[in-house]
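What follows is one structure encoded as C-alpha cells, with my remarks underneath.
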Amino acid sequence: MRTSLLALCFVLFAYQATSSVILDTEGEPVRNAGGAYYLVPVSDELHGGLRPAILGNGATVILDTNLTHGVPVRFSSPLRIGIISSTMLLNIKFVTDLPLELVWKVGPEAPVGWTVNLSNELPFMGPFRVMPVEGGYKIAHFQDDIVADVRITHAGGFYRLLLQNGDPFIFQIKKATESSAKMSIV
Ligand SMILES: *[C@@H]1O[C@H](CO)[C@@H](O)[C@H](O)[C@H]1NC(C)=O
Ligand SMILES: *[C@@H]1O[C@H](CO)[C@@H](O)[C@H](O)[C@H]1NC(C)=O
C-alpha cells in the first residue's frame with residue numbers, strides 16, 4: 001500500500017516536472033479547441049503578426065511586420081481536457097470568418113526545412129506541441145522520430161515559418177477579443 005502510494009507520488013511528480021500548462025499573457029490557461037489567440041513575437045528584431053499568405057503555389061504562414069496582432073489561432077487536441085499543456089499534440093489553425101479551414105500543415109516528407117503551409121483538412125491528431133522556453137513559448141513539430149522547431153526565416157521578401165532545429169520562433173500567447181479578432185481578418 002505504502003509502496004504504491006509512493007509510486008503514485010513519483011509518477012505525479014514526474015508528470016508535473018515534464019508537463020506544464022500553457023498560459024496566456026493574463027496568466028490564464030490556454031483553452032483546448034476554444035478561444036482565439038495571437039502569437040506575439042518576443043524578440044528585439046521581429047515584430048508584427050502571423051497571417052495566411054498565398055506565395056507561389058501554396059498557402060503558407062508568414063509573419064507580417066505591417067500588422068499589430070495578425071490573425072489569431074486556435075489550438076486543439078482530441079483529448080477531452082479543457083486546457084492545453086506542453087505534452088499535448090495539437091492542431092493549430094487560423095480563426096477567421098472564411099468558409100474554409102486554415103490548418104497549419106508541414107509537407108509529408110522529411111520535415112526539417114519545410115515551410116509551415118495551410119491545409120483545408122483538420123487531422124484527428126495534430127503534429128505540434130507548444131513548449132515553454134525562456135521568455136515565452138515555442139512550437140515544436142513531431143513526426144515519427146523527428147522533432148523540429150518552428151522558426152522564422154526571411155526568404156524571398158517574406159518572414160516565413162519553417163521547420164529547423166534551434167533558434168525557434170519565441171512568442172507569448174495573447175487572447176483575442178471577439179472585436180479585435182474580427183478586425184484583424186482582412
Ligand atoms: C508550401 O507552400 C510553398 C509556397 O509558399 C510552396 O512552394 C510549397 O510547394 C508548399 N508545400 C506543400 C507541401 O504544399
Ligand atoms: C507591408 O507593407 C508594404 C507597404 O505597403 C508592402 O510593400 C509589403 O508587401 C507589406 N508586407 C507584407 C508582408 O504584406
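Whatever order the structure lists them in is the order used to number ligands and atoms, beginning at 1. All heavy atoms count here, side chains included; hydrogens, waters and symmetry mates do not.
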Any protein heavy atom nearer than 4.0 Å to atom 5 (O) of ligand 2: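 No; the ligand atom in question lacks any protein heavy-atom contact below 4.0 Å.
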Would you say atom 9 (O) of ligand 2 touches the protein, meaning some protein heavy atom is under 4.0 Å from it? no
Parallel, tilted or perpendicular, as decided by the 30° and 60° cut-offs, for the rings of Y37 and F75: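 Geometry flag for Y37 against F75: tilted rings.
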F171 vs Y137 aromatic rings, parallel, tilted or perpendicular, using cut-offs 30° and 60°?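 Ring orientation of F171 relative to Y137: tilted.
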Short list, please: which atoms of ligand 2 are under 4.0 Å from a heavy atom of D64? 11 (N), 12 (C), 13 (C), 14 (O)
For atom 14 (O) of ligand 2, the protein heavy atom that lies nearest, with its residue and separation: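 Residue, atom and distance for the closest contact: R51 NH2, 3.0 Å.
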How far is atom 2 (O) of ligand 2 from its nearest protein heavy atom, and which residue and atom name does that atom have?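 Answer, as residue, atom name and distance: N66 ND2, 2.3 Å.
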Just which atoms of ligand 1 are under 4.0 Å from any heavy atom in [X]?
| X | value |
| --- | --- |
| R160 | 5 (O) |
| N117 | 1 (C), 2 (O), 3 (C), 8 (C), 10 (C), 11 (N), 12 (C), 14 (O) |
| T60 | 5 (O) |

Residue pair T60 / L55, side-chain heavy-atom distance below 4.5 Å: yes
Find out if a path of hydrophobic residues (ILVMFWY) with successive side-chain heavy-atom gaps under 4.5 Å connects I170 to V150. no
Any salt bridge between D149 and K138, counting N to O under 4.0 Å?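 Counted as a salt bridge, because a side-chain N and a carboxylate O are separated by less than 4.0 Å.
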Output for pair (L161 CG, I139 CD1), nearest 0.5 Å, gives 7.5 Å
With rounding to the nearest 0.5 angstrom, report the CD1 to CG distance, I92 to L118. 11.0 Å
Polar atom proximity, W114 to ligand 1 (N or O, under 3.5 Å): no
When you measure from the heavy atoms of G56 to every atom of ligand 1, does any distance fall below 4.0 Å?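 The answer is no: ligand 1 sits nowhere under 4.0 Å from a heavy atom of G56.
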